[in-house]
Chemist: 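Here it is, the structure in full.
The structure presented is a predicted model; accordingly, all values stated were derived computationally and were not measured. The figures that follow rest on heavy atoms only: side chains count, while hydrogens, waters and symmetry mates do not.
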Amino acid sequence: MMTLLLLIALDSSSVIHVAVTPRESLTVRTTTPASTLGLGSPVVLLPGLLGGTFAFRRVTPDIAAAGHPTYVIEPLGVGTSSHPDDGDYSLDAQADRIAAVLDTFEVTNAVIVGANFGASVALRVAYRHPERVAAVLLLDGGPVDRSSTGGASAALRLAPVLKFFGGRGIARRRIGAAMREYSADPSWVTDDVVEEYARPIVNNLGGAARVLSEMRRASVASPLADNLWRIRQPVRLLIGASNRRGGIESSETALLQERIPNFGADSVTASGSYVHEERPEVVVTAILSLARVIPAADIVSAVLSGPH
């Protein structure tokens with residue numbers, strides 16, 4: 001009888017591949033709270049180019065335990081989502097695919113969380129699809145227009161290595177070294193963690209090199225800087241204070257402060273750019289705080305009314 005009660009109390013988690021076009025699908029890990037009583041607003045998490053859904057393993061259990069359905073969505077070319085050679089890897093297209101997935105799950109009024117280039121995708125979802133987003137949390141990432149600008153991902157720096165040397169061991173070592181370089185305390189970067197972060201790339205070196213090169217070249221028609229004023233949802237930024245390598249640049253933080261009406265930033269001690277890995281409890285607290293902020297209907301009204 002005790003075993004049965006324990007199983008009932010557990011959150012349910014599943015991995016789903018959602019088709020967004022006939023040739024493209026995104027991987028989504030959903031976690032549903034054990035109890036639907038007093039169900040909180042949904043939380044959507046967008047990883048960077050490395051780590052995929054695995055990167056948020058230390059965050060999602062506590063969010064679900066607090067009563068919030070969670071959706072970790074791997075953008076095109078990330079993790080186990082599709083990796084088409086001829087895909088549109090512009091950040092605008094990535095944002096629209098995320099919105100299509102949220103439409104599939106009928107998600108609105110969500111807190112959307114973005115790490116690395118996922119931060120820029122989250123900002124784009126906020127203004128391009130405001131009905132889906134109640135608040136935005138950026139994890140040491142900012143308003144870039146290419147996946148390779150700003151705090152460039154270690155994955156993008158691997159593209160030439162994969163193309164000309166093509167060694168799984170080389171790729172794995174380069175990824176692990178970059179993860180340690182961007183951390184305040186690299187002890188979390190164990191061999192097992194590096195293996196999970198590197199697996200999607202080392203399992204298909206040729207395909208990964210082609211996709212990463214496409215990401216480097218992809219551009220957007222309208223710069224994000226010109227659209228930041230349209231983001232009327234609360235936006236919060238967590239900056240790893242103990243190691244500034246690989247994270248958001250100071251000029252990007254200043255741009256967010258200048259152009260987003262409701263913006264705030266906090267420094268996180270004992271963390272580098274992988275805030276969700278080194279200080280997951282800070283990320284959880286920030287998400288739960290944002291989940292209580294503002295009704296989606298008010299946000300849509302503010303966006304449609306234009307700048308003040």
Chemist: So if you build clusters from Ile, Leu, Val, Met, Phe, Trp, Tyr with side-chain heavy-atom gaps below 4.5 Å, do L45 and V15 land together?
Modeler: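 No: no chain of side-chain contacts under 4.5 Å links L45 to V15.
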Chemist: Would you call L237 and V235 a side-chain contact if the rule is heavy atoms closer than 4.5 Å?
Modeler: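 No; the side chains remain at least 4.5 Å from each other.
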Chemist: Can you give me the closest heavy-atom contact between N243 and Y182, atom names plus distance?
Modeler: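 In this case the closest contact between N243 and Y182 is ND2-C, 3.5 Å.
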Chemist: Measure the shortest side-chain to side-chain distance between I287 and V59 over non-hydrogen atoms and say whether it is less than 4.5 angstrom.
Modeler: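 In short, these two side chains touch, coming nearer than 4.5 Å.
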Chemist: Show the nearest heavy-atom pair for residues A55 and Y197, with the distance to one decimal.
Modeler: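 Looking at all heavy atoms of both residues, the closest pair is CB-OH, 3.4 Å.
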Chemist: Using only atom types and a distance under 3.5 Å, with no angle test, would you say the side chain of S81 pairs donor to acceptor with the backbone of G77?
Modeler: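 Here the side-chain-to-backbone pair does not exist.
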Chemist: Identify, with sequence neighbours excluded, every residue that meets side chain to side chain contact (heavy atoms under 4.5 Å, CB included) alongside D86.
Modeler: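 Once residues adjacent in sequence are excluded, the partners of D86 under the side chain to side chain contact (heavy atoms under 4.5 Å, CB included) criterion are R23, P84.
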Chemist: Restricting to pairs with a member in residues 201-210, which pass side chain to side chain donor-acceptor pair (under 3.5 Å), not counting sequence neighbours?
Modeler: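 Counting only pairs at least two positions apart or across chains, the side chain to side chain donor-acceptor pair (under 3.5 Å) contacts touching residues 201-210 are D85-R210.
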Chemist: Side chains of R217 and S213: any donor to acceptor distance under 3.5 Å?
Modeler: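 Looking only at side-chain atoms, R217 and S213 do not form any donor-acceptor pair under 3.5 Å.
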Chemist: Quick one: closest heavy-atom pair of S183 and E278, and the distance?
Modeler: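 Closest approach of S183 to E278, heavy atoms only: CA-OE2, 3.4 Å.
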Chemist: Kindly indicate, with the supporting measurements, whether the criterion salt bridge (Lys or Arg N to Asp or Glu O under 4.0 Å) is fulfilled by R57 and E277.
Modeler: CA-CA 9 Å; R57 71 199 178 284; E277 290 280 13; 2.8 Å; yes
Chemist: Identify the two heavy atoms, one from S90 and one from S219, that lie closest to each other, and give their separation to 0.1 Å.
Modeler: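 Looking at all heavy atoms of both residues, the closest pair is CB-O, 3.3 Å.
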Chemist: Mind checking side chain to side chain contact (heavy atoms under 4.5 Å, CB included) for V268 and listing every partner two or more places apart, or none if nothing turns up?
Modeler: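 Expected list: L238, S271, V275, R279, V282.
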Chemist: For the residue pair D192 and T190, confirm or rule out a side-chain donor-acceptor distance under 3.5 Å.
Modeler: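 Absent: no donor and acceptor within the cut-off.
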Chemist: If we only count heavy atoms from C-beta on, is the I98 to R124 side-chain gap below 4.5 Å?
Modeler: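 When only atoms from C-beta onward are counted, R124 and I98 do not touch, as no gap falls below 4.5 Å.
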Chemist: Got L137 and H276 here, is their nearest side-chain heavy-atom distance under 4.5 Å?
Modeler: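 Result no, sub-4.5 Å side-chain heavy-atom pair not found.
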Chemist: When you check the gap from the basic side-chain N to the acidic O, do R172 and D191 get nearer than 4.0 Å?
Modeler: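 Judged by the 4.0 Å cut-off on N to carboxylate O distance, R172 and D191 do not form a salt bridge.
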Chemist: Answer yes when R236 and D266 have at least one side-chain N-carboxylate O distance shorter than 4.0 Å, and no when they do not.
Modeler: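 No, this pair does not count.
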